[in-house]
Amino acid sequence: RMTMAAIKSCPDCTHALADATWPGYNAHCPDCDIRAIANCPPELRQERIEQIEVKCGLPAAQEVRRRVRVEVARIKVLKLC
């Protein structure tokens, strides 16, 4: 299970922990990739995960899907505060 500490992999992720609308993304940060997918509309989110499945396989896509769900939930909670 991912913790808040686990997603502090770059300065943009650190800012995004407190600001659900943080616009910064680091091209070399896998957690920024997850956050970017989580901020997409659901249909684009699904399309991106399908692309990952084709390129990296089903286990990788399942892990990305799980992490994206966690991030979507985190963003929703942050927006409520």
Side-chain angles (χ1 to χ4, degrees):
R1 187 169 196 208
M2 185 184 301
T3 64
M4 296 301 272
I7 62 171
K8 293 182 187 178
S9 56
C10 77
D12 287 312
C13 287
T14 302
H15 287 291
L17 286 174
D19 181 356
T21 61
W22 180 255
Y25 294 91
N26 181 325
H28 303 290
C29 175
D31 294 324
C32 281
D33 291 340
I34 295 296
R35 191 164 46 88
I37 295 169
N39 278 304
C40 286
E43 60 276 2
L44 293 177
R45 195 179 305 149
Q46 183 58 36
E47 182 179 321
R48 182 63 183 124
I49 292 171
E50 288 169 4
Q51 292 169 347
I52 291 167
E53 183 175 347
V54 168
K55 184 176 180 183
C56 304
L58 181 60
Q62 288 172 329
E63 177 62 13
V64 167
R65 185 175 285 113
R66 183 193 67 75
R67 291 187 63 199
V68 166
R69 274 194 301 256
V70 169
E71 183 64 8
V72 166
R74 186 194 72 78
I75 291 168
K76 284 181 182 178
V77 167
L78 196 57
K79 285 181 177 180
L80 292 174
C81 296

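Values reported hereafter were calculated over all heavy atoms of this structure, with side chains retained and with hydrogens, waters and symmetry mates removed.
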Rounding to 0.5 Å, atoms NZ (K79) and OG1 (T21) come to a distance of 7.5 Å
Listing request: all side-chain hydrogen bond (donor to acceptor under 3.5 Å, both in side chains) pairs with a residue in residues 32-44, at least two apart in sequence or in separate chains. Y25-N39
With sequence neighbours excluded, what pairs up with E47 under the side chain to side chain donor-acceptor pair (under 3.5 Å) test? none
Separation of D12 CG from D19 CG (nearest 0.5 Å): 11.0 Å
What distance separates I52 CD1 from I49 CD1, expressed to the nearest 0.5 Å? 6.5 Å
To the closest 0.5 Å, what do you measure between CD1 (I34) and CD (E71)? 8.5 Å
Kindly write out the residues that satisfy side chain to side chain donor-acceptor pair (under 3.5 Å) with N26, not counting sequence neighbours, or none if the list is empty. none
Side-chain contact test, heavy atoms from C-beta onward, threshold under 4.5 Å: evaluate it for R65 versus R45 and give yes or no. no
Are V70 and I75 connected into the same hydrophobic cluster when the rule is that any two of I, L, V, M, F, W, Y join if their side-chain heavy atoms are below 4.5 Å apart? no
Could you name each residue pair satisfying side-chain hydrogen bond (donor to acceptor under 3.5 Å, both in side chains) that touches residues 51-61, not counting sequence neighbours? R48-Q51
With sequence neighbours left out, write down each residue that passes side chain to side chain donor-acceptor pair (under 3.5 Å) with Q62, or none if nothing qualifies. none
